[in-house]
Amino acid sequence: MKIGYPCINWTIGCSSGSTFRLRSYSESRLKKTIKNNIDCLLKILQFNAERNIFFFRITSDLVPFASHPVNNFNWKGCFASNFKEIGDFIKKNGIRISMHPDQFTLINSVREDVFERSVKELEYHASILDLMQLDTDAKIQIHAGGVYDNKQHSTDRFVERFSKLDNSLRLRLVVENDDRLYNLNDCIEISNKVGVPVLFDVFHHSINATAASTNQALQLSSRTWNKKSDSVPMVDYSSRNLNGPSRQHADSIDIEDFKKFLLDTEPFNFDVMLEIKDKEKSAAKAIEAANQDIRLNIA
DNA sequence: AGGTGTCAAGCGTCC
DNA sequence: GGACGCTTGACACCT
């Protein structure tokens, strides 16, 4: 089991997702920002490796305006060797990588233009992982999308659109249960039709639940990671912020809840992404708890 | 230097 | 039909 956190490291003091306003777009600004972002990304990965944090989500802002028409700069060519260097570090250290395009990426949209932009955005995400020469166990997680007043039609549209995507893209995509529209069963249904692995999100499942217990959910989702090249399943874990609105993530990990989660999910093996605000701090705590847990099992 | 309104993108909900 | 939340940081403009 690898444990990690998404996108931001609060300790190091650099950001791998710096961006700027469209109004201030220029090629030199873009170039400078990308360089800073990927330099920072390598620093974060080194920081993580030194602390046994072997799972990381790369921010979608690594290359600002990557799929925007304003950007016709050849950033892939310009930074190919930098990406390769990071990829080498990732592989050497056995780091698992995910990416998560934001809510504008909708392959089941009723609008053709939204679909087309979404494909471009997905291709951007895949090109990052390709430039790093990572295997297809590095995943891009998306949600099923909108309902558009007819869930069955919208599910079918997802299936149809997904099937037409390039194979190189399909091999990287996984679908995650969301907090309102497509629950675990909906994702499993999609998976049964197109073979896409299902990334189980524990927190979303608690808000948008099916009858499945945590253990059953792991069983159901794990089965969908059935290609050797997918590697072990990814799972998103977070606890809710008890002081804030119901959908907000917690500030720091509730370690007792996390231990309970580890017990609940035995004997399944998977990699856990901690969607918690204090990022690397909670990851370190979770890794410590998991190691203690293993020692207890051995003893 | 510090404060703050706003940011490429969509959908669903609420009024 | 329009504003707002999502989830949240930080850019960029203002003073």
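Every heavy atom of this structure was used, including side-chain atoms; hydrogens, water molecules and symmetry mates were not. In what follows, every chain begins at residue 1, and chains take the letters A, B, ... in the order their sequences are listed.
Spacing between C/dG5 and B/dT6 at atom P, rounded to whole Å, works out to 14 Å. Using P as the reference atom, C/dT7 and B/dG5 are 23 Å apart when rounded to the nearest Å. On the P atoms, B/dG3 is 23 Å away from C/dT8, given to the nearest whole Å. To the nearest whole angstrom, the two P atoms, one in C/dA12 and one in B/dA8, are 9 Å apart.
A heavy atom closer than 4.0 Å to some atom of DNA chain B occurs in no member of residues 152-166 of chain A.
When the P atom of C/dT7 is taken as reference, atom NZ of A/Lys279 falls 13 Å away, rounded to whole Å. Following rounding to the nearest Å, A/Lys151 (NZ) and B/dG12 (P) show an atom-to-atom distance of 11 Å.
Between A/Phe203 and A/Tyr237, a ring centre-to-centre spacing not shorter than 6.0 Å is recorded. Ring to ring, A/Tyr182 and A/His143 are not that close: their centroids are 6.0 angstrom or more apart.
Between A/Phe104 and B/dA9, a base-stacking contact is recorded: ring centres under 5.5 Å apart, planes less than 30° from parallel.
Using a 4.0 Å heavy-atom cutoff across all strands shown, A/Thr19 reaches sugar-phosphate atoms only and no base atom. Residue contacts shown for A/Phe65 include a base, since a base heavy atom lies under 4.0 Å away.
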A correct dot-bracket answer for DNA chain C, with pairs being Watson-Crick or G-U at under 3.5 Å, [ ] for crossing pairs and | for inter-strand pairs, is ||||||..|||||||
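A cation-pi geometry, defined here as NZ or CZ lying under 6.0 Å from the six-membered ring centre and within 45° of its normal, does not hold between A/Lys76 and A/Phe83.
Nearest approach of A/Trp75 to A/Leu131, heavy atoms of both residues: CZ3-CD1, 3.9 Å.
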